[in-house]
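First the structure, in the form of structure tokens, and then the observations on it.
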Protein chains: 2
Amino acid sequence: MTTAKTKILLAEDDENLGLLLKEYLNAKGFETNLFANGELAFRDFVKNQYDICILDIMMPVKDGYTLAKEIRQIDEDVPIIFLTAKSMKEDVIEGFSIGADDYITKPFSMEELLFRLEAILKRTSSAHKTAAIEKFEIGKYVFDVKKQTLQLDDKVIRLTTKESELLKLLCTHQNKILDRNFALKTIWLDDNYFNARSMDVYITKLRKYLKEDDSVEILNVHGKGFKLVM
Amino acid sequence: MTTAKTKILLAEDDENLGLLLKEYLNAKGFETNLFANGELAFRDFVKNQYDICILDIMMPVKDGYTLAKEIRQIDEDVPIIFLTAKSMKEDVIEGFSIGADDYITKPFSMEELLFRLEAILKRTSSAHKTAAIEKFEIGKYVFDVKKQTLQLDDKVIRLTTKESELLKLLCTHQNKILDRNFALKTIWLDDNYFNARSMDVYITKLRKYLKEDDSVEILNVHGKGFKLVM
DNA sequence: ATCATTCTTTAACACTTTTTAACTCGCATT
DNA sequence: AATGCGAGTTAAAAAGTGTTAAAGAATGAT
């Protein structure tokens, strides 16, 4: 039996660094595909199966963060590592790193990258088998995150992506306050006024879906966020 | 079903001690996230679900006591252990330990920490299942903390967050004086003049809600605070 | 490509929550 | 009784939220 090589998607606009990384990783036994911007990387990601993605944040045409978000749209699980400039503020990186498995600040050593890479692959490959089904019980409802459905007895409500993302955040914070801005940055990527209003609209929708069970409620905490209590 | 690791939030500014504790706890099967100050710890707490918090009192930027209060704002139940310097007076510690499940004076052995940790987890994890409903009987009223409702016979009054928080504090101090500044710092985080006046407005509101039962009263203790008697 | 459908955002308006202001009353110390 | 400060109360201001409908985008089928 032949063990397939671990496939790496590498998005890096700096050609020197990109080729260097590719050479190094391939020498270490990986199969690396390099793309000069997020657009090209994404087009290839759609067509191929990758085990891990290494994305530079700063890239022309499509930046790494946007790319990561798009990758997440079609694959919730593939590990993503960000490459960030050291000059970036910690809180910015923190925002970026949401949904990422790790980030490395430039300049970094090849060894460091390899180390983290292996740590993540180890961690995710074992977790992969168990984390397949993710369901929440919300009162009498059953919320299937992956299938984006909300089930009550024999009635199945199909949720949209945004509805599902928001409900998932509420569930993971159940009986705690889900901070408005956190939710906005996580789901909408930007906590501006319009996105905030959009979120309010979705809260209304979720409340409508959940109104059949009085033991479940989405409370508002003025100026802070929302709380799913049950 | 997979048993998830118990997640520990560790806030400790002494890097040596912090890493040591983290290593030790992880070796014992916990998943520990270490933060160098209260600010960083809080930011992460908002985003993640922790099973227990271990907070050093003395920390730069944001001390452990302040952090604990903010944590309590969004999570009433998560166990909190304080790490305190031995030099602290007992009465100070007592004040600090309000809302905490335990405190350990430095220096302490790893074994001691582990012992207390497990004791608390045992205690709270079993309580968790029952303590889901937190209700107070206030005369003929029933106050549901989680759902922020005040019920009298078949009439249900929906309380706002601030109303609910204040009433809860009054209930936990029933027939005892609820200190003004304590309440302000707990709910408003700051005991300035305007917040104090705001609190007075809320006292008026609560009195109105509770006026149907003469056996219940919110008394003022001049210059000290308020007392819910019944 | 075009149309129909679904999802998401924007707009509009009503309503709530919280804070601030203003005025009044009461307690305590002189 | 006079003073000063704390507290009681009401109302308005300021900010935030609830809700519905329609516009705009994205998606999928013909």
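Quantities reported herein were computed from a predicted structural model and do not represent experimental measurements.
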State, to the nearest 10°, the angle formed by the axis through the first five base pairs of the helix from C/dA1-D/dT30 to C/dT30-D/dA1 and the axis through its last five. 30°
Distance under 6.0 Å and angle within 45° of the ring axis: does A/Lys176 meet both against B/Phe45? yes
At a heavy-atom distance below 4.0 Å, what parts of residues 201-212 of chain B sit against DNA chain D? B/Val201, B/Thr204, B/Arg207, B/Lys208
Let me confirm one number: the CG-CE distance from A/Leu83 to A/Met58, rounded to the nearest 0.5 Å. 12.0 Å
To the nearest angstrom, the CG-C1' distance between A/Leu178 and D/dT17 comes to 15 Å
Find the distance A/Lys162:NZ to C/dT10:P and express it as a whole number of Å. 11 Å
Can a donor-acceptor pair be found between the side chains of B/Asp75 and B/Tyr50 at a distance below 3.5 Å? no
Separation of B/Lys147 NZ from A/Asp214 CG (nearest 0.5 Å): 6.5 Å
Integer-rounded Å distance: D/dG18 C1' and A/Glu217 CD: 14 Å
Could B/Asp63 and B/Lys69 be called an ion pair, given the rule that one side-chain N must be under 4.0 Å from one carboxylate O? no
A/Tyr209 side chain near A/Leu159 side chain, heavy-atom distance below 4.5 Å: yes
Report the distance from atom CD of A/Glu163 to atom P of C/dC7, rounded to the nearest whole Å. 8 Å
At less than 4.0 Å, is any side-chain N or O atom of B/Thr160 found next to OP1 or OP2 of C/dT18? Yes or no. yes
Whether over 12 other heavy atoms sit under 6.0 Å from A/Lys168 NZ: no
Please report the interatomic distance CG(A/Leu169) to CG(A/Leu166), rounded to the nearest 0.5 Å. 6.5 Å
For B/Arg180, report the nucleic acid contact type (base, sugar-phosphate, nothing); a contact means any heavy atom under 4.0 Å. sugar-phosphate
Between CG of A/Leu184 and P of C/dT8 the distance, given in whole Å, is 15 Å
Please state whether the phosphate of C/dT19, meaning OP1 or OP2, lies under 4.0 angstrom from any side-chain nitrogen or oxygen of B/Trp188. yes
Could you list by number each residue of residues 190-200 of chain B showing a heavy-atom separation from DNA chain D of less than 4.0 Å, or answer none if no residue does? B/Arg197, B/Asp200
Validation row: A/Asp13, A/Asp56 side chains within 4.5 angstrom (heavy atoms): yes
To the nearest angstrom, how far is A/Asp179 atom CG from D/dT17 atom P? 11 Å
May I have the distance from A/Lys224 (atom NZ) to C/dT19 (atom C1'), rounded to whole angstrom? 13 Å
Separation of C/dT29 atom C1' from B/His222 atom NE2, nearest Å, is 10 Å
May I ask you to check whether over 12 heavy atoms, not counting those of A/Arg207, lie within 6.0 Å of atom CZ? yes
B/Phe143 vs B/Phe136 aromatic rings, parallel, tilted or perpendicular, using cut-offs 30° and 60°? parallel
